[in-house]
Structure formats: C-alpha cells, structure tokens
Amino acid sequence: MILCSRDRSELLAEALPAVLAAVRPVDEVVVVDSASRDDGVARAAEAAGVRVLRCEQPGLSRARNLGWRSTSRPLLLFTDDDCRPLAGWATAAAAALADPRVGAVWGRVCAAEEGGIPLSVSERDGPSEYDGTGDLSAIGHGACMAFRRTALEAIGGFDDLLGVGAPLGSGEDKDAFWRVVRAGWVTRSAPDVAVTHVAWRDDAAARRVLYRYGVGAGAVAVKRRRIARERSLVLAELWRHGAVPAARRARHGRYAGSIGALARSVGVLDGVRQARRLDLRDGHFEVRR
C-alpha cells in the first residue's frame, strides 16, 4: 500500500491509524515523502512504525512510482493523506483484482460529514467497467485505487509530468487507467473498496485545485488525441465540466461553485497549451529537447 505526502504531516498522522487498521497482516505500508520542506512527514511515518522513503523531486506521480517500485508486492493500493480507508479496504481490493484479466480498479471516495469543500468525491454510480473511451471523469480517483503490479509495469508506471507537484498538475490517475486499458487489461469499479475524504480546503484553495484538475484533464485530452486519435475531448471537457455546471450553479445561486467550474475550464486550456509543447515517448510526456 502506497501513500504519498508533501508538507502535510498532520493529515498523514491522522490517516495512518485508519490505513493500518484497513490493511491485512501480509500487506506492506509505504509512505513516500514527496520532497517535503521539513521532516514532519518522515517523523509521522516513523511514529506509526511505517516504512518511509524520500523522493527528492516533487510530483505525485514520481512519488507513487518510487513507492510501488520499492516493493515486490503483486497488488498495489494507493490512497492520499487526506483520506481514511474504511474497514476491509485491502481485502476488498484484493478480491476485486482476483480476476487475472483485471489490471486496475477504482473504489468509492466518500465525503466526510464535516469539513470544508469536498473535492475528489466519487460516491455516485459510474460505469462498472471502463472501456478506454469517453469521459474519464466518470471513473474513480487516485485517492482510492489499486493496480496489479504487472499492469503498472506494462505501462511504465504513472506519467511523471502529470499529478500534483508536477507541471501538469493532475490527471495521472485517469491517464494510468486509460493506458492500462490500452495495454489490454480490464479496469472496473470496486464499490467495496472505499475511503472517506477529509475536506479541509476553503473556497480559494478549492478553486486552485479545480484549476489544477482542469490542467491535467486538458493535458490528458491532448495525449489521447495524439495516441488514439480521439477527437472533441477538449470541447467536451469545456462544455460538460465547465459551461454546463457553471451555468447550472449560477442559476441556483451557487456562485462559488460556478466560479470553480470556470476555473477548471481555464485550467483545461492551460493544460492543452502546455501539453502541445511536450513530446510523447511510450505513452509518457517528455520535455521537448
């Protein structure tokens, strides 16, 4: 089980007891300190008796890749430091990956009863299986996902330029699911694999996250266009997750939510701009030389 954290030692210290209670005795828990500016993350992991690794360059994909490559476990679970896995989390993930055709699964991310603005929540019904086409927002989040090791190896792991802390800000989870399907694996939902997400951000912080989500979505849309010749993905992002929710929320007086949807749209355009300047090698973005 891999959990990455950067400069959020308090959230990590609160998450680790829930993580340890939700894994099996045979499981290994690895915390990756993603280039934190102090030793708080390392101290929180050590206090919980958990193995900790240090990633010197920030970026969630880099940290996750370091984490899973440091183990030899055949099944790899991922969550975030602001999430609390529910009882039976690891057992349910192992059951969902028991079918050898399945390369990855996503679970439910439930909103906590109290806190700030909920983000990355995915409690609604979505597709039971992702076929590699269409809207990636319908599938789950990196806050609650599991991969077969051989599937991650087949795609070369997460894209280092995607994800929080990296230039393209997010989308590493959706991109990995998409590439796993293209590599010939099945990906599907696993409702029994569930975490609770602690909402700790205020309006301004939430808007910044939504902008970042847009950047990742725009970049992944560019990648899909270049690799699979999928068209109209950017327009669909701007319409389905920008204009439509912005208008609907404004109509109901939810102006903060409307601004958030527009911020995401701005991020989509920025993600497209940045991704067009990058090369692609083996499904991963690279800085053009």
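Note that the coordinates shown come from a computational prediction; the quantities given were computed from them, not determined experimentally. Every heavy atom of this structure was used, including side-chain atoms; hydrogens, water molecules and symmetry mates were not.
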Counting distance only, does the side-chain N/O of Arg182 pair as donor-acceptor with the main-chain N or O of Trp178 below 3.5 Å? no

Side-chain donor/acceptor of Arg225 to backbone N/O of Leu233, under 3.5 Å: no

Quick one: does Arg84's side chain have a donor or acceptor within less than 3.5 Å of a partner on Ala18's backbone? no

Test item: Ser61 side-chain N/O and Leu162 main-chain N/O as donor-acceptor pair under 3.5 Å: yes

Enter the distance from Glu28:CD to Leu76:CG here, rounded to the nearest 0.5 Å. 10.0 Å

Rounded to the nearest 0.5 Å, how far does CD of Glu14 lie from CZ of Arg8? 11.5 Å

Is the shortest heavy-atom distance from the side chain of Val180 to the side chain of Val186 under 4.5 Å? no

Shortest non-hydrogen contact from Ala275 to Ala219? CB-CA, 3.8 Å

Where do Phe285 and Asp279 land on the side chain to side chain contact (heavy atoms under 4.5 Å, CB included) test, with the steps shown first? CA-CA 6 Å; Phe285 283 119; Asp279 288 331; over 6 Å; no

Do Arg224 and Leu136 have side chains that approach each other closer than 4.5 Å (heavy atoms only, starting at C-beta)? yes

Pair Asp131-Thr133, side-chain donor/acceptor within less than 3.5 Å: yes

Rounded to the nearest 0.5 Å, what separation is found between the CG atom of Asp159 and the CG atom of Leu168? 7.5 Å

Say whether Leu75 and Val102 are linked into one hydrophobic cluster, either directly or through other cluster members, by side-chain heavy-atom distances under 4.5 angstrom. yes

Please tell me if the side chains of Val105 and Leu97 come closer than 4.5 Å, counting only heavy atoms from C-beta onward. yes

Looking at Arg231, I'd like to know if its CZ atom is crowded, meaning that more than 12 non-hydrogen atoms belonging to other residues, nucleotides or ligands lie closer than 6.0 Å. no

Donor-acceptor contact present, side-chain Arg288 to main-chain Leu278, <3.5 Å: yes

Acceptor/donor pairs from residues 40-50 side chains to any protein atom, 3.5 angstrom cut, sequence neighbours excluded:
| residue | atom | partner | partner atom | Å |
| --- | --- | --- | --- | --- |
| Arg43 | NE | Asp39 | OD1 | 3.0 |

Note: Glu286-Arg281 ion pair, threshold 4.0 Å (strictly below): yes

Answer yes or no: is there an ion pair linking Asp27 with Arg73, defined by an N-O contact shorter than 4.0 Å? no

In this structure, are over 12 heavy atoms from other groups packed under 6.0 Å from Asp282 atom CG? no

Report the residues that fulfil ring pair (Phe, Tyr, Trp, His ring centres under 6.0 Å) with Phe177, sequence neighbours left out, ordered by chain and then residue number. Trp106, Phe147

After noting the C-alpha distance and the side-chain angles of Arg264 and Arg207, does the key distance pass the side chain to side chain contact (heavy atoms under 4.5 Å, CB included) rule? CA-CA 8 Å; Arg264 189 183 187 282; Arg207 284 194 294 271; over 6 Å; no

OG/Ser9 to CG/Asp81 distance, rounded to the nearest 0.5 angstrom? 9.5 Å

If you draw a 6.0 Å radius around CZ in Arg254, do more than 12 non-hydrogen atoms from other residues or ligands fall strictly inside? no

Taking the basic N atoms (NZ, or NE/NH1/NH2) and the acidic carboxylate oxygens, is any pair closer than 4.0 Å for Arg208 and Asp203? no

Is there side-chain contact between His141 and Met145, with heavy atoms separated by less than 4.5 Å? no

Within 45 degrees of the ring normal and closer than 6.0 Å to the centroid, is that where the cationic atom of Arg64 sits relative to Trp68? no

Nearest non-hydrogen partners of Ala246 and Ser258, listed with the distance: O-OG, 2.8 Å

Has Lys174 got a side-chain atom pairing as donor or acceptor with Gly142's backbone, closer than 3.5 angstrom? no

Would you indicate whether Arg276, at its atom CZ, is surrounded by more than 12 heavy atoms from other residues, nucleotides or ligands within a distance under 6.0 Å? no

So, the side chain of Lys223 versus the backbone of Gly283: is there a donor-acceptor pair under 3.5 Å, distance only? yes

Given side chains that start at C-beta, do those of Leu20 and Val29 come closer than 4.5 Å, heavy atoms only? yes

Yes or no on side chain to side chain contact (heavy atoms under 4.5 Å, CB included) for Val164 and Arg6, after CA distance, side-chain angles and deciding distance? CA-CA 10 Å; Val164 62; Arg6 184 172 192 237; over 6 Å; no

Pairwise distance CZ(Arg101) to CZ(Arg148) - rounded to 0.5 angstrom: 10.5 Å

Arg212 side-chain N/O to Gly267 backbone N/O, donor-acceptor pair under 3.5 Å: no

Is Val266 linked to Val215 within one hydrophobic cluster, defined over Ile, Leu, Val, Met, Phe, Trp and Tyr using a side-chain heavy-atom separation of less than 4.5 Å? yes

Under a 3.5 Å distance rule, please check whether His252 uses its side chain to pair with a backbone N or O of Arg248 as donor and acceptor. yes

If we count only N and O atoms by modelled type, under 3.5 Å, do the side chains of His197 and Asp82 hold a donor and an acceptor together? yes

Does some side-chain heavy atom of Asp33 sit less than 4.5 Å from a side-chain heavy atom of Leu53? no

Side-chain touch Gln274/Pro167, heavy atoms, less than 4.5 angstrom: yes

Members sharing Leu269's hydrophobic cluster, built from side-chain contacts under 4.5 Å between Ile, Leu, Val, Met, Phe, Trp and Tyr, are Val222, Val234, Leu238, Val268, Val272

Same cluster for Val31 and Leu60 if Ile/Leu/Val/Met/Phe/Trp/Tyr side chains link at under 4.5 Å? no

Stepwise side chain to side chain contact (heavy atoms under 4.5 Å, CB included) test for Leu152 and Phe158: CA-CA 8 Å; Leu152 269 185; Phe158 298 97; 4.2 Å; yes

Is it true that Arg54 and Glu56 have a side-chain N and a carboxylate O under 4.0 angstrom from each other? yes

Is any side-chain heavy atom of Ile139 closer than 4.5 Å to a side-chain heavy atom of Thr187? no

Where Ala243 and Ser265 come nearest, the two heavy atoms and their spacing: N-OG, 4.4 Å

Of all heavy-atom pairs between Val195 and Trp89, which one has the smallest distance, and what is that distance? CG1-NE1, 3.7 Å

To the nearest 0.5 Å, atom CD1 of Ile2 lies from atom OG of Ser70 at 5.5 Å

When clusters are formed by joining ILVMFWY residues with side-chain heavy atoms under 4.5 Å apart, either directly or through shared neighbours, do Ile259 and Trp239 land in the same one? no

Exercise: identify the closest heavy-atom pair between Cys55 and Val32: CB-CG1, 4.0 Å

Might you point out which heavy atoms bring Trp185 and Ala154 nearest each other, and give the distance in Å? NE1-CB, 4.2 Å

Checking side-chain polar atoms at under 3.5 Å, does Asp135 have a donor or acceptor matched by the opposite partner on His241? yes

Keeping Arg108 on the side-chain end and Ala194 on the backbone end, is there a donor-acceptor pair under 3.5 Å? no

